[in-house]
Every structure is written in structure tokens, then in C-alpha cells.
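Heads up, the thing below is written out as C-alpha cells.
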Amino acid sequence: MHRWSKLFIPTLREAPADAEVASHQILLRAGYIRQLGAGIYSYLPLATRSLNKITAIVRTEMDRIGQEFFLPALHPREVWEESGRWTGMGENMFRLKDRKGADLCLGMTHEEIMTSIARNEIRSYKQLPQIWYQIQTKFRDEPRPKSGLLRVRQFTMKDSYSFDIDEAGLDESYNKHDAAYRAIFTRCGLEFVAVDADSGAMGGSQSQEFMVYTEAGEDWIASARDDAGNVVYAANIEKATSTLGPVTELEPTGDGMPELIYTPGKGAIADICEFLGMQPYNDIKCVAYMGQIPGPDGTVVEKPVIAFLRGDHQVNETKLAGAANCNELRTMQPEELQKYLSGPAGFLGPVGLTVLPVEALNVNRGFFPKGAGLDKLKGVSGELLAFIKDERASTVVVDLGLVNRKNLVAGANKLDYHFRNVTPGRDFQWTVAADIRNVTAGEPDPVTGLPLRLGKAVEIGHIFKLGYKYSQSMGSRFLDKNGKEQTPIMGSYGIGVERILTSAIEQSSAKVGKNDRGEFSYVLPRTIAPYEVVVTVTKQSDAALAEAGEKFAADLEAAGWDVLLDDRNDSAGVKFKDADLIGVPYRVTVGKRLVEGFVEVVDRLKGTTEEVAVAEVVNMLGALR
RNA sequence: CGGGGAGUGGCUCAGCCUGGUAGAGCACCUGGUUCGGGACCAGGGGGUCGGAGGUUCGAAUCCUCUCUCCCCGACCA
């Protein structure tokens with residue numbers, strides 16, 4: 001039992017002005033955390049208790065499938081050089097030097113460290129599979145920490161790594177994590193959805209994110225539920241697709257071949273549609289980018305990436321970057337539009353471009369040196385080299401929504417002119433055709449056709465089939481049954497521990513709303529609240545009440561409850577407000593009706609208050625658990 | 001990194017435009033009265049106004065530089 005009068009729970013009457021999102025205000029006001037710097041927080045006793053409960057749940061579920069480690073947070077440069085991520089991680093990695101001048105970094109993830117252990121110790125297929133996890137501090141120099149504990153530079157992560165003999169083994173490890181994660185988040189009282197996620201530049205084959213819908217989130221996800229409320233489809237916006245409805249094609253004009261038409265001042269899609277009396281889906285939208293990958297010594301290498309999609313669709317840059325085999329995209333400047341498309345914005349189109357063949361994407365990811373360096377390229381046929389030497393050669397990506405269409409209208413790469421009768425495949429070619437558009441709310445999901453719901457969400461976990469990237473590059477090998485050398489296949493899995501707490505608060509706050517003073521209000525699930533029940537003595541100076549409070553607290557503790565006894569010499573009002581503020585789900589109020597043999601039991605999760613006979617309190621609360 | 005905002009006692013803020021002895025509420029300490037939804041009275045402690053430089057007889061206030069924090073964007077296995 002803990003007595004509030006002896007504890008350090010510095011609640012605030014007013015929220016600090018810096019805090020905007022609900023969980024940030026609440027954590028500050030309730031005395032859970034204090035800020036030390038941007039994205040750096042001290043966890044006070046309440047937060048520590050809650051986070052300890054969360055990690056205990058994580059630990060018991062993870063111990064069912066794996067073994068716990070504790071790895072260093074301080075890493076020598078060399079191990080990151082081996083995987084190629086010393087440069088690959090860029091600015092997000094905290095770096096420092098030791099007294100000898102050797103480079104070190106603070107761990108933002110631990111693939112390299114775990115793989116180095118596996119490399120040194122795993123020799124035989126008999127030692128596989130392995131699932132290794134840890135709960136540890138991660139450091140990431142985020143460009144913009146924000147929203148309290150939601151996006152920080154130092155946080156706690158449960159990260160695990162699986163090593164398997166083959167893909168079937170990886171599937172199993174992955175599925176075990178999927179089940180463990182669902183158990184963990186359920187036990188933590190969260191309503192979550194598992195969504196298909198973008199595997200990114202990591203080259204993994206499958207990836208799922210566990211998301212909690214909340215306005216404070218930074219990711220967008222699309223999901224659909226059936227009538228029973230079951231999630232039938234869910235995906236990150238970077239991955240989500242939808243079924244396209246039928247469209248009415250325009251009738252061809254003239255000989256049916258592309259026809260140049262004068263469209264003065266009709267650069268915007270809405271304008272050209274009105275001008276020609278057609279729908280936006282009859283138009284081809286062009287978005288021109290420069291694709292980027294990191295070059296040597298922190299430089300950036302660029303190539304033109306030109307995307308075409310339906311006039312009523314929006315480009316998704318993550319999908320596009322994946323399709324174009326580059327890391328990042330920036331929009332072209334006017335002089336670049338002139339160079340690669342020879343037209344001005346508003347009148348750009350696919351006809352007449354120099355299109356890089358798809359094979360080129362496999363050579364240096366489609367990024368080529370200029371001038372003399374070209375002749376040193378290996379494995380490039382003469383035909384391909386001719387394309388590459390054309391400085392205008394661009395990676396052209398066409399959205400799947402345009403394939404098999406006909407008689408479309410597109411910019412003619414000439415000011416105030418468009419083409420009509422443009423038919424993809426006949427009148428222009430592309431490097432790749434891919435899904436590069438954003439889905440929009442209400443479109444039918446690709447599985448069952450139910451309307452998609454779009455919403456913001458916080459990512460609380462991520463499971464990811466890594467493949468051979470780290471085991472290969474870092475030289476981890478084992479001998480299989482036949483004595484043949486093999487590379488273990490890996491998976492990587494993460495849970496943001498603090499995000500479980502913050503998203504639980506956000507989720508509850510969204511339901512509970514604000515209190516009578518206009519402040520964010522919430523209740524924590526019993527499993528992760530810093531205390532499960534608070535015994536509030538309304539008048540501590542009344543010896544009978546104080547004594548009864550002690551007894552209730554002791555009895556509840558004996559019954560297995562995590563009890564906080566509010567024995568402070570404050571008014572009842574202050575105690576009620578504070579009890580609400582720290583988010584404890586159950587309260588036993590020992591007050592004026594004690595003389596009649598009753599106390600009050602408040603279930604804040606259900607929002608109910610009951611007068612309960614003194615002898616029944618422990619049983620009654622026991623039934624609630 | 002681009003755009004916007006803010007730094008004055010522990011917290012929320014006023015004062016700045018128009019330079020002239022640093023304020024309020026809450027919190028804190030002491031005493032008393034209260035005691036079921038953030039009580040009241042009396043007394044008291046606490047701030048070189050983010051930092052540096054400048055203008056001035058005089059700077060929280062005007063000027064220059066700088067640091068930090070927040071928000072939007074960019075960015076983000």
C-alpha cells in the first residue's frame with residue numbers, strides 16, 4: 001500500500017502552455033513526466049510505475065516466444081559500417097567521439113548488434129530458430145520532436161529479432177510475433193488495428209504495423225469493417241489500395257490518333273475539364289520529381305522521375321519512390337521541367353518523352369554518372385547504354401489506374417496545348433506501371449468492397465520480415481543438414497513502450513471528453529494504470545474515517561490490488577480531482593456514510609458510482625477485475 | 001531546413017506599443033477557521049524579466065546578435 005501523503009505526485013492545476021495534445025497535457029498535469037529538453041522527458045514515479053506494468057506485460061508475452069537480452073546503447077562505428085547504415089541512417093543518428101577520437105553512436109535500433117552476436121555464435125541449423133528480444137532505450141535525433149511522449153528523441157522500445165533456417169521458419173517467427181503483439185496490446189486495454197505497411201527501402205517482403213486510431217497520430221491508415229465490426233481490410237495509406245469503379249471513356253475524334261488542341265490558359269485540371277466537357281478521370285495528371293539516393297560523402301544523387309495518374313487522383317510519394325527505386329523525391333524546378341519534359345507546368349504530358357527502359361532500374365537503381373563515367377558501367381548492353389546516355393532519359397511511372405484506358409486528354413508539353421485521343425501503351429510508354437496513388441475515404445476496399453475509412457493513427461508496434469539484408473552483409477552463416485553453408489533469414493519487430501501509455505490516454509480521452517472545467521479527462525485501463533484503486537479518505541482529521549481508510553487499503557492489498565491510499569490533509573474536492581487526474585480506474589470513497597456502514601465505489605471505466613456495504617467492498621471490486 | 005509563435009517567481013499570465021523603483025491569480029511557508037468535487041482570513045518567503053552586446057542620465061520595455069521551447073510544413077527502418 002502506498003500513502004499519497006508520502007509520495008511525490010506533483011499534479012498541476014493548470015496545463016503548461018507548451019502542451020497541446022491531450023496525452024501531453026495530462027501526463028504533465030498529472031505529474032507523470034517533466035520535460036528536460038525537446039523530445040527528452042524525465043519519467044516521474046507515476047509514469048515509471050505505469051511503464052513498468054507495460055513492460056511486465058510485454059515481458060511475459062515475449063517470454064512465451066523468445067529470450068530476453070540487454071544490449072548496449074553505445075555502439076562503435078564499425079558495426080554500423082558493416083551493414084552500411086553508418087552513412088545510411090544520416091542525421092537521425094546521434095553520434096559522438098570517445099577520448100581517443102573513435103566514432104561511436106547511440107543505438108536507434110539493434111539489428112547490427114543482434115546480428116553480430118548471431119554471426120559469432122550461430123554455427124549450425126540445430127541452433128535455429130532463435131527469437132531474441134530486449135527492452136531498451138533507443139535514441140533518434142528526430143527532426144521535429146512533438147506531442148509530448150508521442151514523438152521523442154529518447155524512448156523505450158521492445159525490439160526483437162528472429163533468425164531462421166528458411167522462409168517457412170521466418171513465417172512462423174513472424175506469426176508468433178503477430179500473436180504476441182495482439183495479446184500484449186489487448187492486455188494493455190488498447191483498441192488497435194493491424195495494417196499492411198510499406199516495407200520501405202529495407203527490402204523486406206512483409207510488414208505489419210499495429211495502430212491505434214487517434215487524432216494525435218501522425219500516420220494515416222485506411223480500414224474497412226463489416227457489419228459485425230470486424231476489420232476486413234486495413235492498410236497504411238502508403239500501402240492501401242482500393243477498387244476503381246467503371247469510367248466512361250471519351251469518344252475518339254478524327255482518325256483516333258493524338259490530336260493537338262489549343263487550350264489557352266487551361267492549365268488546371270478543373271479548367272481543361274470544363275473547357276472540353278469531360279470528367280477529371282478522362283485527364284492524365286503529370287507530377288514531375290527528381291528522385292534522390294544518397295551519394296558518396298553525404299552528397300545526393302538525382303534522376304528525373306515523372307509520374308502520370310488519373311486527373312482525379314493524388315500521388316502517394318512513398319509508393320512512387322518505391323516504384324521508381326529511389327529513396328526520396330523533390331518536385332522539379334521549372335528549368336528541370338523544361339529540360340526533361342520541354343514543357344511548362346500545367347501542360348505536361350507523357351507523349352514524346354525519353355523513357356528509361358525498366359532494365360535500367362536494376363543498374364545502379366537507375367542512377368547513372370554523367371559523361372565519361374558512363375563507359376565504366378558494367379553489365380549494360382549497348383542498347384541500354386544509348387538510353388542512359390540521353391540526358392533526358394527519365395524514369396516514367398504510370399499509375400495502374402491509367403493502364404488499359406483510352407482516348408485520354410494530356411498536356412502536350414507545350415504552353416497552351418493539349419493532346420486528345422491519348423491511349424496509354426499506344427501513344428506513350430513507361431518505365432514501370434505501379435500503384436502510386438492515394439486511396440480516398442469511401443472508395444471500396446480491394447478485398448470486400450466495403451467503403452474505406454481514413455483516419456489518423458499512432459504506430460505502437462511494427463513487425464517486419466527483414467530477409468537476408470543484415471545476415472548477408474554482416475556475414476552470419478550456419479551449416480544446414482547437408483553440411484552446406486547457409487545464411488539465416490531474419491525478422492525484426494518493435495513495440496514503442498511509451499506509446500502504449502500515450503495512446504491509451506489519447507484513446508480514453510477521445511471517449512471521455514473534457515471535464516466541467518474544460519480540461520482533458522481520461523481513465524487508464526487497470527492493467528497499466530500506476531495504481532489500480534485509490535482509497536479516498538474524505539476527511540483525514542476524522543480518526544474513524546482515517547482508520548477505516550487504512551483498513552480498506554490493507555484489505556484490498558491483501559486481495560491482490562495495487563492500492564493508493566489518499567491520506568492527505570486536503571479537502572475532499574482536491575482529492576477527487578487528483579484521483580481523476582492520475583487516471584486510476586477505481587476509487588473507494590470513505591466518507592460521511594461510513595457511520596451507516598457504507599462506502600462509495602466509483603468505477604471510472606464504466607462511469608458508475610455505487611454505495612456498497614463495508615463488508616462487501618473487497619468482493620464487489622473483485623468482481624470488477 | 002522553411003514558415004509562425006513564445007521566453008517575466010514553481011504554474012498560468014499582465015506589464016513592452018508610448019523607457020522612469022517588477023505585478024496578479026494559483027502554488028509554497030506560518031497561524032487560525034474550514035472539510036463530499038480544486039475552501040477562507042491574516043501574515044510571510046521567492047524573480048539580476050532566456051543570454052550577450054548596444055542606444056540612453058535611466059532598458060523587462062528600443063536596436064543588433066544569439067540560445068531555448070512550442071506549433072505547421074519538410075523530414076522520418
Side-chain angles (χ1 to χ4, degrees), chain A residues 10-21 24-25 28-29 31 34-41 80 83-85 88-93 107-112 138 140-148 150-153 157 159 161 197-204 207 209 216 218-219 238 292 300 317-318 321-322 327-331 459 462-467 469-470 490-494 496 515-517 519 521 536-542 545-546 566 568-581 587 589-594 598-600 602 609 611:
Chain A
T11 57
L12 265 29
R13 194 174 279 233
E14 287 167 288
D18 282 351
E20 288 207 351
V21 301
H24 190 196
Q25 286 196 12
L28 248 14
R29 285 223 304 130
R34 289 294 181 262
Q35 181 171 23
L36 186 61
I40 310 175
Y41 288 86
W80 285 85
S83 68
R85 291 208 289 184
M89 279 302 188
E91 299 273 279
N92 257 28
M93 182 184 262
M108 40 197 302
T109 175
H110 283 74
E111 278 85 2
E112 279 80 358
K138 297 285 187 280
R140 297 184 184 183
D141 195 0
E142 293 287 342
R144 183 149 104 81
K146 56 185 257 197
S147 307
L150 273 173
R151 186 163 210 82
V152 290
R153 298 197 289 174
M157 181 185 244
D159 48 320
Y161 308 89
D198 178 54
S199 324
M202 302 300 299
S207 159
E209 289 166 342
E218 297 179 279
D219 287 294
E238 295 168 352
Q292 304 176 318
V300 171
E317 294 188 4
T318 304
N327 288 18
E328 290 169 34
L329 297 163
R330 67 167 177 84
T331 50
E459 179 184 346
H462 196 170
I463 58 178
F464 191 72
K465 290 184 182 173
L466 271 181
K469 180 179 163 76
Y470 298 94
M490 292 177 60
S492 154
Y493 318 87
N515 66 11
D516 52 358
R517 300 163 62 94
E519 300 156 344
S521 190
T536 302
V537 177
T538 59
K539 190 174 180 182
Q540 187 65 25
S541 57
D542 182 326
L545 292 183
D566 193 348
R568 294 174 297 169
N569 269 318
D570 280 298
S571 70
V574 170
K575 293 183 171 193
F576 294 149
K577 292 284 187 197
D578 272 351
D580 290 350
L581 186 53
R587 189 178 81 216
T589 306
V590 182
K592 56 194 175 191
R593 290 205 66 200
L594 182 73
F598 290 96
V599 295
E600 194 175 84
V602 179
T609 300
E611 297 286 329

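Naming convention: chains lettered A, B, ... in sequence-line order (proteins, then strands); numbering from 1 in each chain.
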message: So, OP1 or OP2 of B:U68: does either fall under 4.0 Å of a side-chain N or O from A:Gln35?
response: no

- request: Sticking with atom C1', work out how far B:G15 lies from B:U8, rounded to a whole angstrom.
  value: 9 Å

message: With a 4.0 Å cut-off on N to O distance, would you call A:Arg34 and A:Asp18 a salt bridge?
response: no

statement: Those residues at least two apart in sequence (or on a different chain) that pass side-chain contact (heavy atoms from CB on, under 4.5 Å) with A:Ser521 are A:Val512, A:Asn515, A:Arg604

task: Using a 4.0 Å heavy-atom cut-off across all strands, classify A:Leu545 as base, sugar-phosphate, or nothing.
output: nothing

query: Contact class for A:Thr331 vs. all strands (heavy atom < 4.0 Å): base, sugar-phosphate, or nothing?
result: nothing

query: How about A:Arg587 and A:Glu600: do any of their side-chain heavy atoms sit closer than 4.5 Å?
result: yes

Rounded distance (Å) that lies between atom P of B:G36 and atom NZ of A:Lys592: 7 Å

query: Heavy atoms under 4.0 Å, any strand shown: does A:Ser492 hit a base, just sugar-phosphate, or nothing?
result: nothing

task: Describe the nucleic acid contact of A:Arg568 in one word from base, sugar-phosphate, nothing, applying a heavy-atom distance below 4.0 Å.
output: nothing

task: For A:Arg140 and B:C75, give me the distance from atom CZ to atom P, rounded to whole Å.
output: 18 Å

- request: Just compare B:C70, B:G36, B:G38 and give me whichever is closest to any side-chain atom of A:Asp578.
  value: B:G38

- prompt: Rounded to whole angstrom units, what separation is found between the CG atom of A:Asp18 and the P atom of B:U12?
  reply: 7 Å

- line: Answer for the Watson-Crick or wobble partner of B:C65, both distances under 3.5 Å, is B:G51

- request: Go through the structure and list residues passing side-chain contact (heavy atoms from CB on, under 4.5 Å) with A:Thr11, not counting sequence neighbours.
  value: A:Ile9, A:Asp578, A:Leu581, A:Ile582

- prompt: Under 3.5 Å, is there an N or O donor on one side and an acceptor on the other linking the side chain of A:Arg151 and the base of B:C76?
  reply: yes

For B:G73, the Watson-Crick or wobble counterpart (both distances under 3.5 Å): B:C1

message: Counting only side-chain heavy atoms from C-beta out, which of B:A74, B:U12, B:G38 sits nearest to A:Pro143?
response: B:A74

query: What integer distance in Å separates A:Asp141:CG from B:C1:C1'?
result: 13 Å

message: Counting the atoms with a prime plus P, OP1 and OP2 as sugar-phosphate, which does A:Asp580 contact under 4.0 Å by heavy atoms, base, sugar-phosphate, or nothing?
response: base

message: Suppose we define a pair by two distances each less than 3.5 Å, Watson-Crick or G-U wobble; what does B:G25 pair with here?
response: B:C11

G-U wobble or Watson-Crick pairing nucleotide for B:U18 (cut-off 3.5 Å, both distances): none

query: What does B:G31 pair with, Watson-Crick or G-U, if both distances are under 3.5 Å?
result: B:C41

message: In whole Å, measure the gap between the C1' atoms of B:U18 and B:U61 for me.
response: 10 Å

task: Check every strand shown and say whether A:Ala15 touches a base, only sugar-phosphate, or nothing at a heavy-atom separation below 4.0 Å.
output: sugar-phosphate

- prompt: Which nucleotide, B:C11, B:G36, B:C75, lies nearest any side-chain atom of A:Glu14?
  reply: B:C11

task: Report yes if a donor N or O on one partner sits less than 3.5 Å from an acceptor N or O on the other, where the partners are the side chain of A:Arg587 and the base of B:G36; otherwise report no.
output: no

message: Need one value for A:Lys575: base, sugar-phosphate or nothing, where a base atom within 4.0 Å counts as base even if backbone is also close, heavy atoms only.
response: nothing

field: A:Lys146 side chain to A:His24 side chain, donor-acceptor N/O pair below 3.5 angstrom
entry: no

- request: Would you kindly give the CG-to-P distance between A:Leu329 and B:C76, to the nearest whole Å?
  value: 10 Å

statement: Testing B:C71, B:G38, B:A77 for proximity to the side chain of A:Arg144, the answer is B:C71

message: Any heavy-atom pair between the side chains of A:Thr109 and A:Met89 that's under 4.5 Å?
response: yes

query: Taking atom types as they are modelled, is there a donor-acceptor pair under 3.5 Å from the base of B:G37 to the side chain of A:Asp516?
result: no

task: Using heavy atoms to find the nearest nucleotide of RNA chain B for A:Glu328 and A:Glu20 separately, return the residue whose nucleotide is more 5′.
output: A:Glu20

Protein N or O to nucleotides 27-35 of chain B N or O, pairs below 3.5 Å:
from  : atom 1 : to      : atom 2 : distance (Å)
B:A27 : OP1    : A:Arg13 : NH2    : 3.4

